[in-house]
Amino acid sequence: KIRADHEKALEEAKEKLKKSRDEIQAEIQTEKNKVVQELKKKDSKPLPPVPLPNLIGINSGEPADPDIREKRNKIKEMMKHAWDNYRQYGWGHNELKPIARKGHSTNIFGNSQMGATIVDALDTLYIMGLHDEFREGQEWIDKNLDFSVNSEVSVFEVNIRFIGGLLAAYYLSGQEVFKIKAVQLAGKLLPAFNTPTGIPWAMVNLKSGVGRNWGWASAGSSILAEFGTLHMEFVHLSYLTGDPVYYNKVMHIRKLLQKMDRPNGLYPNYLNPRTGRWGQLYVSAAGTGKLDFYEYLLKAWLMSDKMDTEARKMYDDAIEAIEKHLIRKSNGGLTFIGEWKNGHLERKMGHLTCFAGGMFALGADGSRDDKAGHYLQLGAEIAHTCHESYDRTTLKLGPEAFKFDGGVEAVAVRQNEKYYILRPEVIETYWYMWRFTHDPKYRQWGWEATQAIDKYCRVSGGFSGVKDVYSSSPTYDDVQQSFFLAETLKYLYLLFSNDDLLPLDNWVFNTEAHPLPVLH
Ligand code: DMJ
C-alpha cells in the first residue's frame, strides 16, 4: 500500500510538473482565495444570542455638590483635550506625539496602525457622556480595524487594551460591532497558546500565528504577569460566544500554576513555555512581575459572583506570602512592597505596584479569617506611601520607582526612574479607597494629581509624560499613552462621581480599567 501511495504521489507530481510555472502559480492562488473566502465566511458569522448580564449604573454618577461637579467637569474637559488632539493629529495611529503632533507607536502594538487610543478610550468617552466622540470611534473601528495584518503584537497588551476595551464598549453601548471585533481578535491570539505546555508566547504574529518570547525575558520564558492576566477577558469571550475554547485556555494555565512549586509561597515571574519550568527566581510587584496575576485571581472570584472560590483561595494564599516576604515598613513608618530577587528583598517600589492598595481594599470583604479591617488598613497604608512618593517631588507627580534605603524614603534615586508617563495606578488606588471609606483625603489627593497633570503634562497638542518629576523645568517625553485615556482620566472621573456610576457590586474593572459586568 505504501508503495502504491508513493507511486500515485509521483504520478501526480509528474503531472503537475508538466504544467507551466504560471499555471501552477494560478492554481496556488485559487486555493489561497478559497481559504480566505472560507475564513471570511467564518468571521462574519453572527454570534449566538446570549442574555446580557444585569447592566447597572451606566449613565449615573452626577454629583449634587457644585464643587465636586466642577472638578468632574474639569476632568471631562481634559479627556476632550486629549481626544480632540489625537483625533486631529494621530487618528488611526496607536498613540499620539502631542508635541511633534503626529502618530506614535511602540513594539507592543506591532508595526501596524490599530487605533489603540480609540479602542482604549471608548468606555471612558461613554461614561463621560461624550457620545459624538464615541460614535466617531465606533465608526473608525467598524470601517478600519482589521486584524488580518502581518504584525507581531504583545498578547497581554492586546488582550487588556483591545479585547478588554471592545468588550467594555459592547456591554456599555450594546453595539454588536464591538463584540464581533473582540471575538475576531481573540481568534488571532489563540495560536499563541500552541506551545508544548499551553503557556502562551508573549508575542504572536496576527497573520501567521507564529509566536515567540521577548528576547530579554529570562531563558526564553513567558512572563507570569502577562499570561496570568488573560482570565477576565477570556471568560467573557466564552460567555458571549458559547465557545469554551477561551475559558479552557485560561483554566489550563491556572491548573498548571497550581501544580508548580512556589518558593516561599510566591510565584516567580518567568516560566518557560517549552519546559514548563520556572526561569530566573525573581518576584516583584512591579516591572515584568507586576501583581496583575494576583489581581486577576481576586477579580475572577468577583466576576463569577463569588462562585469561583478556587480563585479566591489562590489569591488569599498568594497575598499572605506577599505580606510575609515583600511588604515592609520603612524607618519613617511608610509601608511599601519590595522586590524579591533570589532570596534578597530590594527595598524599592514601582509606580505600577501602587495599584495594589486598591486591590487589597477590593479584596478585603470576603478575606480569610475575616481580616477585612486589616486589608482595608493595608490598602490605606499603600495609598499613603504612594501619595508621599508624589508629594516629595517638585511637580507633585510620582516617579516610576522609589527607594526606601540609605536614608531615602519614597524618593527615586536613579535618574532613569524619575519619569512620570501619565500612569494611573496611584489614582486607581485613591478611587478604590474612596469607594470603600469615603475619606475626603482621597478626593483631595486625586485633585492634587489632576492639577499637577494639567499644569505640567498638558501641552497644546494633548498631554505628555515628563522625564524628571524632581526638576522644576521638566522636559517632555512627547507621548500621550493610550492608558491615560483608558485609565488615568477614567479613575479621576469616577473619583469625582457618585458611587452609583459603575457600582463595584455589578462591575469588575480589568487591569486597563475596562469595566466588565459580573456574570451572575
Ligand atoms: C496599563 O497598560 C495597565 O494598567 C497595565 O496593567 C500596566 N501598565 C499600564 C499603565 O501603567
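Order of listing sets the numbers, starting from 1, for every ligand and every atom in it.
The pair Lys403-Glu417 fails the salt-bridge criterion, with no side-chain N (NZ, NE, NH1 or NH2) lying under 4.0 Å from an Asp/Glu carboxylate O.
Under 4.0 angstrom from ligand 1, there are no non-hydrogen atoms of Ile421. Counting heavy atoms under 4.0 Å from ligand 1, residue Ala513 does not touch it at all. Residue contacts with ligand 1 for Glu487 involve side-chain atoms from C-beta outward but no N, CA, C or O (heavy atoms, distance under 4.0 Å). Proximity of Glu425 to ligand 1, defined as any heavy-atom pair under 4.0 Å, is confined to the side chain (atoms from C-beta onward).
The stretch residues 477-497 participates, sequence neighbours left out, in these salt bridge (Lys or Arg N to Asp or Glu O under 4.0 Å) pairs: Asp123-Lys490. For residues 95-115, the pairs satisfying salt bridge (Lys or Arg N to Asp or Glu O under 4.0 Å) are Glu95-Arg161, with sequence neighbours left out.
Note on ligand 1: Arg161 sits in its first shell, one or more heavy atoms being nearer than 4.0 Å.
Each of the atoms 7 (C), 8 (N), 11 (O) of ligand 1 lies under 4.0 Å from some heavy atom of Leu352. Each of the atoms 6 (O) of ligand 1 lies under 4.0 Å from some heavy atom of Asp292.
By the 30° and 60° cut-offs, the orientation of the rings of Phe193 relative to Phe234 is tilted.
In summary, the side chains of His514 and Glu233 do not present any donor paired with an acceptor at a separation below 3.5 Å, with no hydrogens or angles considered.
Distance alone, capped at 3.5 Å, places no donor-acceptor pair between the Tyr315 side chain and the Ala300 backbone.
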